[in-house]
Amino acid sequence: MEIITAVRGFKDILPPETEKWRHVEETARKVFGAFGFHEIRIPLLEKTELFCRGIGETTDIVEKEMYTFLDRGEESLTLRPEATASVIRAYLEHAVHAAETVTRLFTIGPMFRRERPQKGRYRQFHQIDAEILGPDDPRTDAELILMLIHFLDRLGLAKLNLEINSLGCLECRPAFREAVISFLGSQAEELCGDCRRRLGTNPLRVFDCKVEKCGEIISRAPRLNSFICGDCRTHFEGVQEGLRLFGVPYRLNDQMVRGLDYYTRTTFEVTAEHLGAQNAVVGGGRYDHLVRDLGGPDIPGIGFAIGFERLISMIPESGEDAPQGPLLFIAALGEKAAERAFILGNRLRMNGVHVEMDYAGRSLKSQMKKADRLRCAYALILGEREIQDNKALLRNMRESAQEEVCLDDLENTIMTLAR
RNA sequence: GUGGGUGUAGCUCAAAUGGUCAGAGUGCCGGGUUGUGGCCCCGGAGGCUGAGGGUUCAAGUCCCUUCACUCACCCCA
């Protein structure tokens with residue numbers, strides 16, 4: 001009979017990989033906590049409508065990448081493709097905005113998008129998501145980015161590029177957009193097929209086309225810089241000033257367009273080399289009208305999403321790759337000894353000591369070999385002879401030295417070692 | 001959705017032009033003094049060579065189909 005395999009694009013994360021995951025999560029909790037963020041846990045499933053309104057009907061995500069189904073043939077539900085919409089839904093549903101003016105939330109969990117898998121891209125992938133709702137002061141933007149960069153630093157990540165841009169606001173962006181459309185429309189024949197299509201769907205996206213000829217054309221296209229309004233310009237300068245204050249290196253990229261419709265003003269991206277084609281590790285930006293678009297008051301917000309898998313793949317292999325082994329292996333010889341080992345070992349475990357044992361009744365040699373393979377610090381040899389003398393042999397595996405210990409205070413002896 | 005690449009033991013990989021080709025290393029289990037690990041030596045288990053069909057006296061090796069994985073496009077974390 002054939003075994004059942006995981007669904008395409010859905011990955012198992014096995015030990016010791018899970019240790020890395022935990023390390024990243026713990027670092028995030030620590031760093032984000034210091035910046036005043038609290039964790040929120042939100043459902044994986046939402047009403048489809050939430051994402052249509054939140055992310056934008058014409059985005060690729062909504063148009064073709066969502067896992068959507070009818071629940072009992074009645075209500076359309078969708079596995080979340082991103083977290084921001086859900087966070088805001090919860091924020092509004094629980095009227096958090098009524099209780100406080102600034103809300104900082106983060107969440108870590110799986111997202112689902114039905115794309116063709118490739119390096120760094122999976123159908124179930126994980127994001128670390130942080131959102132600040134309430135303030136629109138540029139220092140908020142800078143602070144969020146600062147936290148992000150600090151977090152990446154703490155993980156020992158190098159060779160990362162931070163790029164920032166401002167997309168303008170509802171006042172100034174439309175004019176820019178129109179200018180781009182008419183400019184590109186005038187030479188549509190020169191553009192690649194994809195870009196001709198983009199012209200109708202998301203014209204700004206032509207800016208990051210990889211085809212050479214498109215790049216040439218776009219380099220002559222109008223720039224947001226000449227359309228951006230005074231407020232947006234001031235805001236963006238404020239963000240940069242904040243980053244400079246902390247010496248955060250960044251690169252201005254006025255061709256950076258993000259894929260979600262809701263972004264306004266500040267957008268940013270962290271990319272890394274050697275990640276393959278999917279080189280974006282973090283994407284984020286300001287969304288000053290998303291809360292309103294989802295039916296709430298006009299509260300501005302900003303946030304980012306870190307691609308967990310992409311992040312993990314860059315974490316340097318830690319020097320001490322050999323993780324700490326168990327403190328003790330109990331090698332028992334004979335039925336009576338096995339019984340004592342069973343009791344002692346589990347008592348120690350309940351005291352928080354990592355103990356390993358083997359009930360298969362193997363030879364001492366094979367049990368010692370096991371202790372060694374597991375990298376146990378100590379081995380306790382418990383045989384008929386020892387039990388008779390009310391003793392056991394405690395062997396220090398690293399120093400290859402052993403001593404007799406009395407069975408009566410064995411537990412205390414081991415507990416001492418544990419400290 | 002569209003292209004390219006790859007599919008042989010748990011893992012990493014060998015098997016010239018189709019003909020003892022089903023192997024190695026590693027891992028796992030056991031043994032090498034009577035109750036003591038690491039190094040070394042020996043042995044064992046484990047593969048219907050992704051699946052199905054075809055060509056041939058003969059197919060991991062050629063052809064077709066299919067599935068899976070993978071990389072890239074699209075798009076994004």
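The chains referred to below are lettered A, B, ... by the order of the sequence lines, with proteins before strands, and numbering in each begins at 1.
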Could you work out the separation of [N] and [M] based on their [atom1] atoms and round it to a whole Å?
{"N": "B:rG23", "M": "B:rA9", "atom1": "P", "answer": "14 Å"}
{"N": "B:rG10", "M": "B:rU20", "atom1": "C1'", "answer": "27 Å"}
{"N": "B:rA51", "M": "B:rA45", "atom1": "C1'", "answer": "26 Å"}

### Query
In this structure, which one of A:N161, A:L157, A:I145, A:L148 forms a side-chain contact (heavy atoms from CB on, under 4.5 Å) with A:V270?
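Considering A:N161, A:L157, A:I145, A:L148, a side-chain contact (heavy atoms from CB on, under 4.5 Å) with A:V270 is found only for A:L148.
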Does a distance-only test, which skips hydrogens and angles, find a donor-acceptor pair under 3.5 Å between the side chain of [X] and the base of [N]?
{"X": "A:R121", "N": "B:rC75", "answer": "yes"}
{"X": "A:S400", "N": "B:rG37", "answer": "yes"}
{"X": "A:Q402", "N": "B:rU36", "answer": "yes"}
{"X": "A:R310", "N": "B:rC76", "answer": "yes"}
{"X": "A:Q118", "N": "B:rC76", "answer": "no"}
{"X": "A:E115", "N": "B:rA77", "answer": "yes"}
{"X": "A:K365", "N": "B:rG32", "answer": "yes"}

Looking at [options], which one has an atom nearest to any side-chain atom of [X]?
{"X": "A:A305", "options": "B:rC75, B:rU2, B:rA77", "answer": "B:rA77"}
{"X": "A:R8", "options": "B:rC69, B:rG37, B:rC75", "answer": "B:rC69"}
{"X": "A:F125", "options": "B:rC73, B:rG31, B:rA77", "answer": "B:rA77"}
{"X": "A:E386", "options": "B:rC75, B:rG35, B:rG38", "answer": "B:rG35"}
{"X": "A:L364", "options": "B:rG35, B:rC74, B:rG31", "answer": "B:rG35"}

Check every strand shown and say whether [X] touches a base, only sugar-phosphate, or nothing at a heavy-atom separation below 4.0 Å.
{"X": "A:R373", "result": "sugar-phosphate"}
{"X": "A:L311", "result": "nothing"}
{"X": "A:G276", "result": "sugar-phosphate"}
{"X": "A:Y378", "result": "nothing"}
{"X": "A:E269", "result": "nothing"}
{"X": "A:A371", "result": "nothing"}
{"X": "A:R362", "result": "sugar-phosphate"}

Take the protein atom [atom1] of [X] and the nucleotide atom [atom2] of [N], then report the distance between them rounded to whole Å.
{"X": "A:L393", "N": "B:rU36", "atom1": "CG", "atom2": "P", "result": "12 Å"}
{"X": "A:L14", "N": "B:rC11", "atom1": "CG", "atom2": "P", "result": "12 Å"}
{"X": "A:Q127", "N": "B:rC76", "atom1": "CD", "atom2": "P", "result": "13 Å"}

### Query
Can you say whether the rings of A:W21 and A:H126 are parallel (under 30°), tilted (30 to 60°) or perpendicular (over 60°)?
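Answer is perpendicular, since the angle exceeds 60°.
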### Message
Quick check on B:rC28: is either OP1 or OP2 less than 4.0 Å from any side-chain nitrogen or oxygen of A:K370?
### Response
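No, no such contact exists.
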### Task
Ignoring backbone atoms, establish whether A:S363 has a side-chain N or O less than 4.0 Å from OP1 or OP2 of B:rU36.
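For B:rU36, OP1/OP2 do not have a side-chain N/O of A:S363 under 4.0 Å.
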### Task
Toss me the dot-bracket line for RNA chain B: Watson-Crick and G-U wobble, both under 3.5 Å, 5' to 3', using | for pairs to another strand and [ ] for crossers.
(((((((..((((.....[...)))).(((((.......))))).....(((((..]....))))))))))))....
### Query
Under 3.5 Å, side chain of A:R310 to main-chain N/O of A:R121, donor-acceptor pair present?
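Judged by distance alone, no pair lies under 3.5 Å.
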